[in-house]
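Below is one structure; the comments refer to it alone.
Read the numbers this way: they start at 1 and go in the same order the structure lists the ligands and their atoms. Model, not experiment: these values are computed from the prediction.
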Amino acid sequence: MKLFTHLLLALCIVGLSSNTFAFERDWHTQSNYQQVVTNHITLDLQVDFDKKQLIGNIVHHISFPNGYVKQLVLDTRDLDIHKVSLFTGKKWQSTRFVLGQKDAVRGSRLSIELVKNTSQVKISYNSRPQASGLQWLSPQQTAGKKLPFMFSQSQAIHARSWMPIQDTPAMRVTYSADIKTPSNLRPIMSAKNDPVWNNNGQYHFEMPQAIPTYLIAIAAGNIQHKAMSKQTAVYAEPEILDAAAKEFEDTQTMIDATEKLYGPYRWGEYDLLILPPSFPFGGMENPRLSFITPTVIAGDKSLVSLIAHELAHSWSGNLVTNATWRDLWLNEGFTSYVENRIMESVYGSKRAIMEQVLGVQDLKHNLTELPAADTILHIKIQGRDPDDAFSDVPYVKGQLFLMRLEECFGRKDFDQFLRNYFENYAFKSIDTAGFKAYISANLLNKYPGKITQIEVNQWLESPGLPKTAPQPHSDVFVKVQQQRDLWLAGKIKLNTIPTNHWTVHEWLFFINNLPPTITKKQLAQLDLAFDLTQTTNNEIAHAWLLLSIEKGYNKVNTRLTDYMVSIGRRKLIVPLYKALIKTSEGRQLAHSIYKKARPGYHPLAQGTIDALFKK
Ligand code: BES
Ligand code: ZN
């Protein structure tokens with residue numbers, strides 16, 4: 001059996017087939033993806049804003065990698081299934097199906113009876129208003145306030161709440177879609193998009209590159225298009241289109257820089273869809289069309305590392321994909337590393353290092369709060385919702401591991417190694433065991449004596465940070481620290497600190513590194529000098545509001561309420577709720593804010609915050 005697995009792995013590496021499975025079975029799917037494979041999906045859906053439903057059908061174009069089996073098992077969650085039919089090459093015929101009991105994490109199996117020579121399976125269905133992977137926004141929740149908006153967020157296991165599919169990152173599909181919307185609302189997908197809005201409410205999309213199902217994405221609303229360069233454009237509501245295009249005008253430069261480092265961008269166009277502020281993430285790397293929170297439009301490009309991050313996924317994640325959600329670090333750790341290399345080449349190493357330091361500080365803080373088992377890169381999440389195990393670990397610990405490899409092997413050889421990795425695994429999935437085998441062959445054994453196998457295993461399988469973890473150091477931050485210390489020692493006044501020249505990163509470092517002994521009175525002095533409560537930068541506001549909650553500086557409360565009601569990005573709001581509910585007074589405030597804010601949040605954010613209040 002072991003030999004067989006190795007043989008399959010070898011076949012995968014030489015690239016015989018992208019839908020060949022040599023990895024650990026993905027626990028988070030109940031589908032029989034190892035017996036029946038969907039190679040292509042056709043969607044025919046109507047976006048019904050009144051019912052908050054997607055209604056229509058999906059066709060799976062299937063094959064049997066190991067010979068015919070009698071059943072196709074798909075993942076679903078909260079779907080209504082109306083009818084299933086089969087195509088055998090001659091005609092369509094209806095068939096029997098059973099929707100199984102709901103598993104709390106994975107949803108319900110849809111088991112479909114097949115006949116010999118089935119080549120296509122068509123399912124008529126609708127999603128429900130509470131679909132975990134969709135958010136339906138009222139006009140009030142949009143920038144324009146006049147028209148509704150909807151979007152999907154399928155990673156990790158939410159695609160199944162709007163399509164019956166084999167929902168696993170071990171498998172890849174191409175897709176085409178026909179989407180109907182009311183004629184004043186334009187749909188857009190992670191596929192070839194026609195930039196011209198045709199106003200008849202009927203749209204066709206083609207995704208010629210094979211992708212895992214969590215990257216199938218849709219949005220619809222009053223969405224307009226503005227080109228930024230030959231290959232890049234912004235899609236957004238008209239109210240924010242120009243600001244977004246200005247903020248993200250360096251996107252083409254980022255693509256050029258990444259191609260130089262890691263080889264060709266393989267997806268044709270790269271566009272950004274700017275969502276309303278309730279989007280629960282910073283960004284989502286939907287191929288050809290990253291979904292982006294508007295909270296990073298700061299006016300000074302200070303938060304564009306998010307774009308570098310989502311773009312980097314076009315290599316790490318979308319091209320080479322984690323085979324199971326246990327291997328998320330292969331997506332996010334590589335991407336955080338690549339993101340930082342892009343930032344370095346476009347904006348210089350000073351800024352890139354500041355971003356490393358801030359990331360590592362966040363990670364270290366995170367490590368003190370997480371159960372040890374959740375600080376392992378190759379995390380155990382069987383039986384759990386991947387969303388609940390989400391943390392800085394796959395991102396920053398993963399990034400540090402790659403920085404460590406770069407340090408051991410030297411940039412030249414390590415860059416070459418990464419270029420080959422993206423080439424060899426293009427349009428395939430890989431798990432942690434496969435990666436271990438790959439670096440053994442292509443780094444450790446090729447350049448012996450640079451790092452031990454024991455250390456590599458420790459990075460991948462042990463909790464916490466190895467002693468050898470790189471410790472990024474920023475001279476710019478040392479200066480900030482010195483000013484801080486002088487002020488705290490009463491040796492200088494706040495107005496003599498040269499903050500006029502500070503970048504957003506210096507502000508973040510300053511606020512995050514005030515000592516635990518800082519008093520409310522000192523916060524008031526800072527606020528008076530720098531008007532921090534009214535900062536328009538959402539990251540600075542987050543850091544300042546968090547500190548203010550911890551210190552009981554309640555002059556921020558009005559701003560805090562506005563912030564938490566108007567933003568739905570989990571990373572920015574969840575820590576604020578957590579800090580508030582630590583005291584009984586804070587808990588009351590958190591309750592009253594949440595009462596106002598909850599209806600505007602995404603189902604994922606609602607789920608996370610509901611759970612906090614239950615504790
Ligand atoms: N792919 C992730 C978002 C994600 C991860 C969704 C896991 C569901 C499960 C995306 O690329 C991401 O990492 N977003 C970050 C941005 C960032 C710069 C670290 C975010 O949303 O904050
Ligand atoms: Zn990411």
Within reach of ligand 1, part of Gln155 (heavy-atom separation under 4.0 Å): both
Shortest protein contact, atom 2 (C) of ligand 1 (heavy atom only): Glu332 OE2, 3.2 Å
Close-contact set for ligand 1 against Leu306 heavy atoms, below 4.0 Å: 16 (C), 18 (C)
Subset of ligand 1 atoms that lie under 4.0 Å from at least one heavy atom of Phe390: 5 (C), 7 (C)
Non-hydrogen side-chain atoms of Pro277 and Ser566 separated by less than 4.5 Å: no
Heavy atom of Arg570, distance to ligand 1 below 4.0 Å: no
Shortest protein heavy-atom distance from atom 10 (C) of ligand 1, along with the residue and atom involved: Gly283 O, 3.2 Å
Atom of Glu332 nearest the Zn ion (ligand 2) (restricted to N/O/S, atom name only): OE1
Interatomic distance, Thr321 atom OG1 to Met171 atom CE [nearest 0.5 angstrom]: 12.0 Å
Pair Phe291 and Phe151, ring centroids less than 6.0 Å apart: no
Protein heavy atom at shortest distance from atom 13 (O) of ligand 1: Tyr395 OH, 2.6 Å
Minimum non-hydrogen distance to atom 21 (O) of ligand 1, winning option of Gly359, Ala389, Gly282: Gly282
Atoms of ligand 1, numbered as shown, that sit under 4.0 Å from any heavy atom of Glu285: 1 (N), 2 (C), 10 (C), 11 (O)
Cation-pi, Trp27 ring and Arg326 (6.0 angstrom, 45 degrees): no
Ring-ring centroid check Trp502 Phe510, cutoff 6.0 Å: yes
His309 atom NE2 and His313 atom NE2 as seen from the Zn ion (ligand 2), angle to 10 degrees: 100°
Aromatic ring proximity, centroids under 6.0 angstrom, Phe390 and Trp325: no
is_close_aromatic(Phe279, Phe149), centroid dist under 6.0 Å: no
